[in-house]
Enquirer: 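Right, I'll just put the structure down here and ask away after.
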Amino acid sequence: MADTFTNATQILEPFKGVKKVTIEEYFTSGHRTCQGCESALVMKLMVKAAGPRTIVLGSTGCMYVANTTYYTTPWVVPWMHTQLGSSGSAALGTAAGLKALMRKGKMKAEPINVIAFCGDGGGADMGLGAISATLTHKEYNSLILLYDNESYANTDIQASGSTPYGANTTFSPPGSVKRLIHTRWKKNTAPMLAAGHPECRYVATVCASYAVEMMNKVRKALTIGGPTFIHSLDPCPKGWDYDPMLSHELGELAIETGIFPLYEVEDGVVRHYGKTKAIVEGRPRKPVREYLLKQGRFAHFLEEDIDYFQAKVDEMWNKWEIPGVIPFWKEKAGK
Ligand SMILES: Cc1ncc(C[n+]2csc(CCOP(=O)(O)OP(=O)(O)O)c2C)c(N)n1
Ligand code: SF4
Ligand SMILES: [Mg+2]
């Protein structure tokens with residue numbers, strides 16, 4: 001019991017290859033997400049990685065609405081819906097509640113994983129404050145997983161702070177007078193949270209196209225404990241407007257073009273991994289046009305728009321203090 005009060009966590013060793021991944025599923029049939037929905041795959045992999053002694057909390061969005069149609073649910077583990085901006089509060093409250101119940105002897109003392117997921121709208125925009133607060137509480141173990149489909153998808157694809165430059169959304173339809181309505185560069189959520197929360201020992205970015213690596217980042221976060229954060233980039237056939245069979249490939253292209261780098265920040269140390277590591281070590285990035293032109297949301301792009309996008313990604317890699325991660329410029333490059 002004493003262990004629980006000193007923040008004991010489940011020790012989840014990494015899966016050493018796909019053949020070693022456990023067979024049990026805790027997110028199964030019964031959901032109604034779109035065909036090819038990568039976020040549904042993220043839910044499945046996330047809870048598979050965490051295992052049966054896990055509580056999942058989820059804020060409003062596709063992964064709430066499409067996963068809990070009346071009288072059906074794919075969740076095998078205990079699951080609770082929370083308000084759109086509340087993934088942080090739900091994580092902290094649940095972790096604190098479990099601890100109190102165990103301390104009072106009202107439930108068996110054991111490490112239970114608490115995972116709260118949120119979309120980019122609910123997490124990176126509306127619920128950022130609550131996530132920030134949770135990441136300051138090192139005495140409670142919880143993982144917040146942001147599934148980023150780059151829009152407020154559930155309410156019909158409105159632009160969010162995580163929507164990429166120039167994308168066509170219902171808030172930013174291209175027109176004949178103005179071609180690009182949404183001209184903000186995507187918010188850099190994971191490094192912002194990593195840099196600003198000294199009590200948070202683990203922040204990572206993942207993509208389910210690299211499923212084993214993704215699951216191992218979840219296992220690592222839960223094992224390290226305290227408040228942790230993972231940001232997943234999730235291709236969304238409906239919002240990004242592409243054939244559902246391309247979800248996996250688009251995830252790979254996001255990494256191979258350098259648009260979404262994979263890295264973890266553990267106790268302040270940044271480690272690139274997977275294909276991103278290869279890029280850091282000198283492998284050429286694929287041109288962003290290979291990624292952009294496969295998606296209807298960029299169909300209105302002219303050559304100059306693709307060039308601008310490429311130049312911004314080049315800047316992330318060539319001028320930033322930590323390539324693709326920390327957007328402070330190296331002194332010389334910035335001048
Ligand atoms: C406070 C509040 N405002 C607005 C809504 C309406 N709403 C429900 S889901 C949603 C979109 C959420 O977007 P995101 O968090 O990115 O999740 P996604 O739908 O993309 O999976 C919105 C705006 C709500 N439920 N609560
Ligand atoms: S709109 Fe996108 S995120 Fe939502 S269920 Fe469909 S594919 Fe998944
Ligand atoms: Mg979203």
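As the structure lists them, so they are numbered: ligands from 1, and atoms in each ligand from 1. Here the structure is a predicted model, which is why all the values come from computation and not from measurement.
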Enquirer: Could you work out, for atom 12 (C) of ligand 1, the closest of Leu84, Thr33, Asn154 by heavy-atom distance?
Expert: Leu84
Enquirer: A cation-pi test, strictly: NZ or CZ of Lys48 under 6.0 Å from the centre of the six-membered ring of Phe15 and no more than 45 degrees from its axis. Yes or no?
Expert: no
Enquirer: List the steps, then state whether salt bridge (charged side-chain N to carboxylate O under 4.0 Å, His left out) holds for Lys187 with Asp120.
Expert: CA-CA 10 Å; Lys187 195 184 276 194; Asp120 48 302; over 6 Å; no
Enquirer: What residue and atom, counting heavy atoms only, is the protein's closest point to atom 21 (O) of ligand 1, and at what distance?
Expert: Tyr147 OH, 2.6 Å
Enquirer: Quick check on the Mg ion (ligand 3): does Ser160 put an N/O/S atom closer than 2.8 Å to it?
Expert: no
Enquirer: Is it possible for you to say whether Met107 and Met80 belong to one hydrophobic cluster, with membership spreading through side-chain heavy-atom contacts below 4.5 Å?
Expert: yes
Enquirer: Does ligand 1 have an atom under 4.0 Å from some heavy atom of Ser160?
Expert: no
Enquirer: Do the two ring centres, one from Phe27 and one from Trp75, sit under 6.0 Å apart?
Expert: yes
Enquirer: Polar contacts were defined as any N/O atom of the residue lying under 3.5 Å from an N/O atom of the ligand; does this apply to Ala153 and ligand 1?
Expert: yes
Enquirer: Assigning hydrophobic clusters by single linkage (Ile, Leu, Val, Met, Phe, Trp, Tyr; side-chain heavy-atom cutoff under 4.5 Å), is Phe309 placed with Ile181?
Expert: no
Enquirer: Does CZ belonging to Arg32 count more than 12 external heavy atoms closer than 6.0 Å?
Expert: no
Enquirer: Looking at atom 7 (N) of ligand 1, what's its closest protein heavy atom, distance included?
Expert: Thr155 CG2, 3.6 Å
Enquirer: Charged N to carboxylate O below 4.0 Å: is that the case for Arg285 and Asp314?
Expert: yes
Enquirer: With a heavy-atom distance limit of 4.0 Å, tell me whether Tyr64 approaches ligand 1 through its side chain, its backbone, both, or neither.
Expert: neither
Enquirer: If I take every N, O or S atom of Asp148, is at least one of them less than 2.8 Å from the Mg ion (ligand 3)?
Expert: no
Enquirer: Hey, which atoms in ligand 1 end up nearer than 4.0 Å to a heavy atom of Asn149?
Expert: 18 (P), 20 (O), 21 (O)
Enquirer: Of the options Thr94, Asn141, Asn7, which is the one that meets Lys99 in a side-chain hydrogen bond (donor to acceptor under 3.5 Å, both in side chains)?
Expert: Asn7
Enquirer: With distance as the sole criterion, is a donor-acceptor pair present between the side chains of Tyr152 and Asp125 under 3.5 Å?
Expert: yes
Enquirer: For atom 16 (O) of ligand 1, what's the nearest protein heavy-atom neighbour? Residue, atom name and distance, please.
Expert: Gly121 N, 2.8 Å
Enquirer: Just wondering, is there an N, O or S atom on Asn149 that's nearer than 2.8 Å to the Mg ion (ligand 3)?
Expert: yes
Enquirer: Without hydrogens or angle criteria, can the side chains of Thr136 and His197 be said to hold a donor-acceptor pair below 3.5 Å?
Expert: no
Enquirer: May I ask you to list the atoms of ligand 1 that are less than 4.0 angstrom from any heavy atom of Thr60?
Expert: 8 (C), 9 (S), 25 (N)
Enquirer: Same cluster or not: are Leu135 and Tyr140 linked, directly or through other Ile, Leu, Val, Met, Phe, Trp or Tyr residues, by side-chain heavy atoms under 4.5 angstrom apart?
Expert: no
Enquirer: Is the contact between Cys236 and ligand 1 made by the side chain, the backbone, both, or neither, using heavy atoms and a 4.0 Å cut-off?
Expert: neither
Enquirer: Does any donor atom in the side chain of Ser86 or Ser89 lie under 3.5 Å from an acceptor atom in the other side chain?
Expert: no
Enquirer: Suppose the cut-off is 2.8 Å; how many protein N/O/S atoms fall inside it around atom 2 (Fe) of ligand 2?
Expert: 1
Enquirer: So is there a nitrogen or oxygen of Tyr152 less than 3.5 Å from a nitrogen or oxygen in ligand 1?
Expert: no
Enquirer: Have Thr170 and Asp156 got a donor and an acceptor in their side chains that come within less than 3.5 Å?
Expert: no
Enquirer: Check all N, O or S atoms of Asp120 and name the one closest to the Mg ion (ligand 3).
Expert: OD1
Enquirer: Is the closest heavy-atom distance from Gln83 to ligand 1 below 4.0 Å?
Expert: yes
Enquirer: Suppose I only count heavy atoms of Cys62 and a 4.0 Å limit; which atoms of ligand 1 are within that range?
Expert: 18 (P), 19 (O), 21 (O)
Enquirer: Could you tell me whether a side-chain N or O of Gln310 sits under 3.5 Å from a main-chain N or O of Val288, the two making a donor and an acceptor?
Expert: yes
Enquirer: Show me which atoms of ligand 1 lie under 4.0 Å from any heavy atom of Gly122.
Expert: 14 (P), 15 (O)
Enquirer: How far apart are the C-alpha atoms of Lys186 and Asp148, what are their side-chain angles, what is the distance that settles it, and do they pass the salt bridge (charged side-chain N to carboxylate O under 4.0 Å, His left out) test?
Expert: CA-CA 11 Å; Lys186 183 180 168 82; Asp148 180 4; 2.5 Å; yes
